[in-house]
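Numbered from 1 within each chain, the chains take letters A, B, ... in sequence-line order.
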Number of protein chains: 2
Amino acid sequence: MRLRETIMQEALLLENQVCFPIYALSRQIIQYYRPMLDALDITYPQYLVMMVLWEHDTQTVNQLGALLKLDSGTLTPLLKRLELKGLIIRKRSKADERVVNISLTPSGRAMEEMACSIPHQMLESMGLSLEEMQQLKQLAEKILDK
Amino acid sequence: MRLRETIMQEALLLENQVCFPIYALSRQIIQYYRPMLDALDITYPQYLVMMVLWEHDTQTVNQLGALLKLDSGTLTPLLKRLELKGLIIRKRSKADERVVNISLTPSGRAMEEMACSIPHQMLESMGLSLEEMQQLKQLAEKILDK
DNA sequence: TAAAATTAAATTGTGTACAATTTAATTTTA
DNA sequence: TAAAATTAAATTGTACACAATTTAATTTTA
């Protein structure tokens with residue numbers, strides 16, 4: 001009997017994968033965001049950094065990385081691009097020269113008001129009920145927390 | 001009253017985002033796969049292509065793109081790398097010279113047996129029940145199908 | 001049927017991701 | 001306290017993603 005026809009084989013069918021829909025959905029969500037973020041001239045990962053800073057004002061590269069689960073290899077060039085756009089300031093800490101503090105410029109702070117309608121718009125374009133949304137969030141977080 | 005303190009503002013908090021857990025989970029899932037895929041010397045997107053070919057034998061670049069929701073800008077270089085590894089063959093169709101057919105080499109076919117334990121191992125490392133897994137898959141697909 | 005439109009891949013350019021290494025600063029410890 | 005270990009960012013190199021454009025082949029249509 002060929003491997004193709006065994007029960008074990010079914011697990012290798014794309015349509016039976018749990019992970020593929022998550023991977024595809026993640027990319028599609030970023031597409032949903034694109035028109036709104038294009039208007040602000042930032043990318044989705046850049047938007048995530050801005051959200052953290054709108055909430056916390058100043059964060060180190062490490063803190064941003066811990067919250068967003070991204071390393072300095074990703075963040076350093078991304079933050080340089082945000083700095084080039086005039087949205088943030090990168091400044092080495094006086095107290096510890098290894099640390100780089102990231103803070104908002106007035107322009108970066110001002111963007112918060114332009115972004116505040118995005119979450120609501122996103123909920124609409126995703127077309128899920130609030131319960132489904134909560135379920136999705138909870139399941140994703142349950143795996144993430146392991 | 002500062003924008004920070006309004007109800008609308010809550011929507012911009014990272015912890016209230018539905019999309020961020022999906023984005024973070026997608027990347028974490030790929031990390032779960034990494035040790036198993038490292039053993040096969042392929043990446044997660046390459047593994048997805050291989051899964052399609054294990055099921056369908058021959059596919060055009062377009063067909064792969066439709067199934068995986070990736071365009072030729074992503075697939076062409078990825079497929080060239082799989083060809084370089086000796087896992088697939090890229091061959092222009094005689095019937096329509098625009099089309100490139102992708103098929104498995106014996107080595108690519110042989111990899112199927114080495115990969116057949118991966119889905120089970122993944123279920124274990126994700127630590128969700130089968131019901132939760134189904135829920136997650138269904139919610140993700142519901143949004144994807146829009 | 002020849003020009004226009006469409007289609008399939010490939011190419012170009014920008015921006016993540018992330019492993020692995022490097023650099024520089026700080027902390028620990030022998 | 002000087003050497004070793006640790007830590008924080010940055011750097012290097014590889015591999016996606018994807019928008020926009022290009023190239024070449026095929027279809028449509030005027």
Side-chain angles (χ1 to χ4, degrees), chain A residues 20 23-35 37-38 40-50 58-85 87-88 90-102, chain B residues 20 22-35 37-38 40-50 59-85 87-88 90-102:
Chain A
F20 173 66
Y23 162 76
L25 178 59
S26 171
R27 288 181 293 125
Q28 176 161 316
I29 284 173
I30 293 176
Q31 294 312 306
Y32 280 140
Y33 273 109
R34 192 170 302 273
L37 295 182
D38 275 356
L40 301 180
D41 188 31
I42 57 176
T43 65
Y44 181 68
Q46 289 169 10
Y47 170 68
L48 292 176
V49 167
M50 295 303 288
T58 295
Q59 291 280 278
T60 70
V61 175
N62 247 3
Q63 288 171 321
L64 286 171
L67 287 168
L68 302 179
K69 297 166 202 302
L70 294 170
D71 70 8
S72 68
T74 301
L75 284 173
T76 296
L78 186 159
L79 293 169
K80 284 181 177 173
R81 281 179 212 113
L82 285 179
E83 188 179 40
L84 217 63
K85 289 180 202 289
L87 297 171
I88 65 164
R90 298 163 63 241
K91 195 164 162 38
R92 274 198 186 269
S93 161
K94 284 256 171 60
D96 185 340
E97 288 273 354
R98 292 171 303 181
V99 172
V100 171
N101 287 121
I102 309 297
Chain B
F20 173 66
I22 301 295
Y23 162 76
L25 178 59
S26 172
R27 286 183 294 124
Q28 177 162 315
I29 285 174
I30 293 175
Q31 295 310 306
Y32 280 140
Y33 272 110
R34 192 170 302 274
L37 296 183
D38 276 355
L40 301 180
D41 187 33
I42 57 175
T43 65
Y44 181 68
Q46 289 168 14
Y47 170 66
L48 292 177
V49 168
M50 295 303 289
Q59 291 280 280
T60 69
V61 174
N62 246 4
Q63 288 172 321
L64 286 170
L67 287 168
L68 303 178
K69 297 166 203 302
L70 294 170
D71 70 7
S72 67
T74 300
L75 284 174
T76 296
L78 186 159
L79 293 170
K80 284 181 179 175
R81 285 188 278 274
L82 284 178
E83 188 179 38
L84 217 63
K85 289 179 202 291
L87 297 172
I88 65 163
R90 297 163 63 242
K91 194 164 164 40
R92 272 198 190 270
S93 161
K94 285 257 172 58
D96 184 340
E97 289 273 353
R98 292 171 303 181
V99 172
V100 171
N101 287 120
I102 309 297

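- In terms of modelled atom types and a separation under 3.5 Å, the side chain of A/Lys85 and the main chain of A/Asp41 share a donor-acceptor contact.
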Could you list, one pair per line, each protein nitrogen or oxygen that sits under 3.5 Å from a nitrogen or oxygen of nucleotides 18-21 of chain C, together with the distance?
residue	atom	partner	partner atom	Å
C/dC18	OP2	B/Arg27	NH1	3.1
C/dA19	OP1	B/Gln31	OE1	2.8

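- In this structure, B/Asn62 reaches the C/dA9 phosphate: one of its side-chain N or O atoms is under 4.0 Å from OP1 or OP2.
- One atom, CG of B/Asp38, and another, P of D/dT14, lie 16 Å apart when rounded to the nearest Å.
- Closest of all the heavy-atom pairs between A/Gln59 and A/Leu64 is CB-CG, 4.0 Å.
- Residue B/Tyr23 comes nearest to A/Ile30 through the heavy atom pair CD1-CD1, 4.2 Å, listed as atom of the first residue, atom of the second, then distance.
- The CD1 atom of B/Ile22 sits 11.5 Å away from atom CD of A/Gln28, with the distance rounded to the nearest 0.5 Å.
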Side chains of residues 76-84 of chain B: which donor-acceptor partners sit under 3.5 Å, not counting sequence neighbours?
residue	atom	partner	partner atom	Å
B/Thr76	OG1	B/Ser72	O	2.9
B/Glu83	OE1	B/Arg90	NH1	3.2
B/Glu83	OE2	B/Arg90	N	3.4

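- Contacts of A/Leu75 with the nucleic acid, taken as non-hydrogen atoms under 4.0 Å apart, are absent.
- Rounded to an integer number of Å, the gap from OH of B/Tyr44 to P of D/dC16 is 13 Å.
- As judged by a 4.0 angstrom heavy-atom cut-off over every strand, A/Arg81 is placed among the base-contacting residues.
- Rounded to an integer number of Å, the gap from B/Tyr33 OH to D/dC16 C1' is 17 Å.
- Taking atom CG of residue A/Leu79 and atom P of nucleotide D/dT11, one finds them 12 Å apart after rounding to whole Å.
- In this structure, A/Ile42 and A/Met50 approach most closely via the heavy-atom pair CD1-CG, 4.5 Å.
- Going from atom CG of A/Leu37 over to atom C1' of C/dG15 covers 14 Å, rounded to whole Å.
- Evaluation of the side chain to side chain contact (heavy atoms under 4.5 Å, CB included) rule for B/Thr74 yields B/Leu70, B/Asp71 as partners, not counting sequence neighbours.
- Taking every heavy atom of both residues into account, A/Val61 and A/Leu75 meet most closely at O-CD1, 3.6 Å.
- Side-chain nitrogen and oxygen atoms of B/Thr76 include none within less than 4.0 Å of the OP1 or OP2 phosphate oxygen of C/dT11.
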Check: protein-nucleotides 23-26 of chain D nitrogen or oxygen pairs below 3.5 Å:
residue	atom	partner	partner atom	Å
D/dT26	OP1	B/Glu97	N	3.1

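- Nearest-nucleotide mapping onto DNA chain C: of A/Pro77 and B/Val99, the residue sitting toward the 5' end is B/Val99.
- When rounded to the nearest whole Å, the span between CD of B/Gln46 and P of D/dA17 equals 10 Å.
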* Pairing string, 5' to 3', for DNA chain C - Watson-Crick or wobble contacts under 3.5 Å, brackets [ ] where pairs cross, | to another strand -> ||||||||||||||||||||||||||||||
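- The side chain to side chain donor-acceptor pair (under 3.5 Å) search around A/Arg34 returns A/Gln31, not counting sequence neighbours.
- Dashed line: the shortest gap from a side-chain N or O of A/Lys80 to OP1 or OP2 of D/dT11 is under 4.0 Å.
- Residue A/Leu64 contributes atom CG, which lies 14 Å from atom P of C/dA17 at whole-angstrom precision.
- Residue A/Gln63 has no polar side-chain atom (N or O) positioned under 4.0 Å from OP1 or OP2 of D/dA8.
- Closest approach of B/Tyr33 to B/Tyr44, counting heavy atoms only: CE1-CE1, 3.3 Å.
- Atom-to-atom distance recorded for A/Arg92:CZ and A/Asn101:CG is 10.5 Å, nearest 0.5 angstrom.
- At whole-Å resolution of the value, CD1 in B/Ile29 and P in C/dA17 are 15 Å apart.
- Looking at heavy-atom distances under 4.0 Å, B/Leu78 makes contact with sugar-phosphate atoms alone, never a base.
- Note on A/Thr43: a side-chain N or O is less than 4.0 Å away from OP1 or OP2 of C/dT16.
- Here the CG-OH distance, from B/Leu25 to B/Tyr32, works out to 8.0 Å after rounding to the nearest 0.5 Å.
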